[in-house]
Number of protein chains: 2
Amino acid sequence: MKRHLPPLNALRVFEVAAKSESFSKAAEALFVTQSAVSKQIRLLEKHLGTVLFERNGGVVTLTNEGRQYLSVISQALDIVETGSEKFYSHQEKEILTINITPSLSALWMFSRVEEFHHLHPDIVLHINSADDDIDWSKSQVDISIRCLPRDKKNTDAELLLAEKLLLIASPQHLEEIPINSVADLQRYQCISLNNRPHLWHDFFEQYQLDKTGVVSSFGCEHFYMVIQAALKHLGIGFVPDFLCHDLIQEQKLINPLTIELNSDYGYYLVTPPHKKEQEKVIRFTEWIKKTLY
Amino acid sequence: MKRHLPPLNALRVFEVAAKSESFSKAAEALFVTQSAVSKQIRLLEKHLGTVLFERNGGVVTLTNEGRQYLSVISQALDIVETGSEKFYSHQEKEILTINITPSLSALWMFSRVEEFHHLHPDIVLHINSADDDIDWSKSQVDISIRCLPRDKKNTDAELLLAEKLLLIASPQHLEEIPINSVADLQRYQCISLNNRPHLWHDFFEQYQLDKTGVVSSFGCEHFYMVIQAALKHLGIGFVPDFLCHDLIQEQKLINPLTIELNSDYGYYLVTPPHKKEQEKVIRFTEWIKKTLY
DNA sequence: TGACATGATGAAAAAAACTCATAGTGTTAC
DNA sequence: GTAACACTATGAGTTTTTTTCATCATGTCA
């Protein structure tokens, strides 16, 4: 009568890993590391006393036992899922409306929404973007994220992140005009940002360089346009680190001379006081702070 | 395609709790505390957004949703169990033979074997009991537990527990002959233990009492017999704390004046050196040390 | 009404899961 | 043939989850 069951959480991992026959892919799907998947599979294999995957350096393949087991486990998980689903549908999902600056939404937020949804499946995110102040009394928005000057104290605004700007350029562009010292920067088109007119000026002043080259042929409205422009080899620009981090990793952009600029801006989370206590607002706030860490 | 599953370990708890409609019973069956069960159920309920049990102070009853869910979950767990079982049967079970003193086996070990089996289902325990030394070369025994004098240093023996003896008597017997001071003890039959002839003598000497009453009408071979005798109101006796703890809790025995005696004996775990590295031996050793803690 | 059994709950401890950093190993491209 | 790469394994350390412990609250039953 007493059951002898395998570690149940390992089954969920097993199913994903077995379906993709890849621990790395499974890890990504489950929002954990490959290491975690590897260990859960090993745990399950040890429990069952059976090898479920054949390892061949870098490639894992289901064994016959593994294949059999997958079908059993999938069946069981199907039942659990179906049986649980009808309860979920009765839960009404909460809608959390966030309003973020266009740069954030385009490059940063969209790649992280999936994770938020994974962690909080009962919250539906409505994301819209704008740059101006929100009239909380008229708007549905629960949370807004804004880039504001650091010194402008706003009691409702919580600092998420101090802005750190990185100098960026495309690798191809850098080959055309090599950069060996800061002075070489003057040979480039400097992509400017419309609402930060002093940015380049201040930068060159800091390095005591001639500001002749500063006037760029065009200005962008938002950081993500600066990135697009840089990717098209149109010049060098300054963009926040978190927006270009992945592109630098992938070598689609380069941070020449690893030049950084601590701007006087920060990213702030703004919530109207009467919504601060709402669970959905708290959960989002905690999630984004952790994600930014 | 991506699954939305409840916390799977909570399902195992839920099934047991639902079948017995009691968190306490479920806790016992699962070898955890009632608190742990309560929390796992709450977790599951929160996840599903559904109340699975109706609480009525001290009594839990499945709701309709809970009943439905139980049948779903049982079905799923059946599939997992059946699908996993065929692997277990291929694992050959290890046999671990332990030899313990009769007192330990009768009163202590047998009530704990179930827990060991729960934690290590792949090990089959063979318990036999004896009091003499074991010829490791001739015997199948993997581990023996012996009560030995503390000063007798034995390199193969690991101290599990220093023996602490408690004075015991039955409640009925104590009503007949009330004990208000140590001197009253002299009015009792002192149940003696054959292989500890000095026990009572030393005790009365320690309290500087007359030893007249010390000669008891009979001696027991083992501690569990002392307990039996005390339960039958035949006198007072000294027995190890761990053997009478439960009986004292249940008020079937009483520890008058809370008199304790730190004997010079200890319980030792003895393993032949060539078996010390075996996993089954290590697992048992760690389990028993933790259980005794 | 008081002893009792049961469930709930907050804080602390223990266990499990996960991450990080890095090693090892086939595969692929030059 | 070898260097770069993509993938899994693993030990140490950290984080998260689960469990325990101690205690409270509540309904039951004599």
Side-chain angles (χ1 to χ4, degrees), chain A residues 5-14 16-47 51-63 66 115 118-120 249-251 283 286-287 289-291 293, chain B residues 5-14 16-47 51-63 66 115 118-120 249-251 283 286-287 289-291 293:
Chain A
L5 294 168
L8 297 178
N9 289 322
L11 297 181
R12 166 199 264 127
V13 177
F14 168 70
V16 179
K19 281 191 172 160
S20 57
E21 296 204 299
S22 156
F23 294 180
S24 299
K25 295 235 178 69
E28 201 180 344
L30 293 162
F31 294 92
V32 294
T33 58
Q34 165 271 320
S35 174
V37 172
S38 173
K39 281 172 186 170
Q40 287 288 293
I41 300 293
R42 275 237 175 295
L43 180 73
L44 183 59
E45 288 184 326
K46 188 176 174 194
H47 172 91
V51 176
L52 297 167
F53 291 92
E54 209 171 280
R55 279 88 164 165
N56 266 299
V59 182
V60 290
T61 329
L62 276 176
T63 58
E115 190 201 330
H118 171 77
L119 292 169
H120 305 286
Q249 202 77 355
E250 297 164 31
Q251 308 247 15
R283 286 205 269 164
E286 290 187 346
W287 170 76
K289 284 201 277 193
K290 188 171 173 183
T291 302
Y293 117 18
Chain B
L5 293 169
L8 297 178
N9 288 323
L11 297 181
R12 165 200 265 127
V13 177
F14 167 70
V16 178
K19 281 191 173 157
S20 57
E21 296 203 298
S22 157
F23 294 180
S24 299
K25 294 238 177 68
E28 201 180 344
L30 293 162
F31 295 92
V32 295
T33 58
Q34 166 270 320
S35 174
V37 173
S38 171
K39 282 175 182 162
Q40 287 289 295
I41 300 293
R42 275 237 174 296
L43 181 73
L44 183 59
E45 289 184 325
K46 188 175 175 194
H47 173 90
V51 176
L52 297 168
F53 291 92
E54 209 171 280
R55 278 89 163 166
N56 266 300
V59 182
V60 290
T61 330
L62 275 176
T63 59
E115 190 201 333
H118 171 78
L119 293 169
H120 305 287
Q249 202 78 356
E250 297 165 31
Q251 309 247 14
R283 285 205 269 163
E286 290 187 349
W287 170 76
K289 284 200 278 191
K290 188 170 172 184
T291 302
Y293 118 8

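Here is the naming used below: chain letters follow the sequence lines, and residue numbers restart at 1 for every chain. Everything numeric here is computed off the predicted structure, so don't read it as measured data.
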Distance check needed: C:dG7 P versus B:Glu54 CD, whole Å only. 14 Å
Is atom CD of A:Glu115 surrounded by more than 12 heavy atoms (other residues, nucleotides or ligands) closer than 6.0 Å? yes
Separation of B:Arg42 atom CZ from D:dT17 atom P, in whole Å? 19 Å
With a non-hydrogen cut-off below 4.0 angstrom, is A:Lys290 in contact with a base, only sugar-phosphate, or nothing? sugar-phosphate
Examine D:dC7: is either OP1 or OP2 under 4.0 Å from a nitrogen or oxygen in the side chain of A:Arg55? Give yes or no. no
Polar side-chain contact B:Gln34-C:dA8 base: donor and acceptor under 3.5 Å: yes
Is the distance from OP1 or OP2 of D:dT8 to the nearest side-chain N or O of A:Ser38 less than 4.0 Å? no
Matching residue for A:Phe23 among A:Gln40, A:Glu28, A:Arg55 - test: side-chain contact (heavy atoms from CB on, under 4.5 Å): A:Arg55
Measuring only between side-chain heavy atoms, which start at C-beta, is B:Leu62 closer than 4.5 Å to B:Phe14? yes
So, are B:Arg42 and B:Glu45 salt-bridged, with charged N and O less than 4.0 Å apart? yes
Are B:Ser24 and C:dG7 close enough that a side-chain N or O sits under 4.0 Å from OP1 or OP2? yes
Please give, in whole Å, the distance from D:dT26 C1' to B:Phe53 CZ? 19 Å
Under 4.0 Å between any heavy atoms, over every strand shown, what does B:Val60 touch: base, sugar-phosphate, or nothing? Just pick one. sugar-phosphate
Nearest-angstrom distance from the residue atom CG of A:Asn56 to P of D:dC7: 15 Å
Can you check whether any acceptor in the base of D:dT8 is under 3.5 Å from a donor in the side chain of A:Lys39, or vice versa? no
State whether the distance check finds a donor on one side and an acceptor on the other, under 3.5 Å, for side chain A:Ser35 versus base C:dC20. yes
Figure out the CG/C1' separation between A:Leu119 and C:dC18, and round it to whole Å. 14 Å
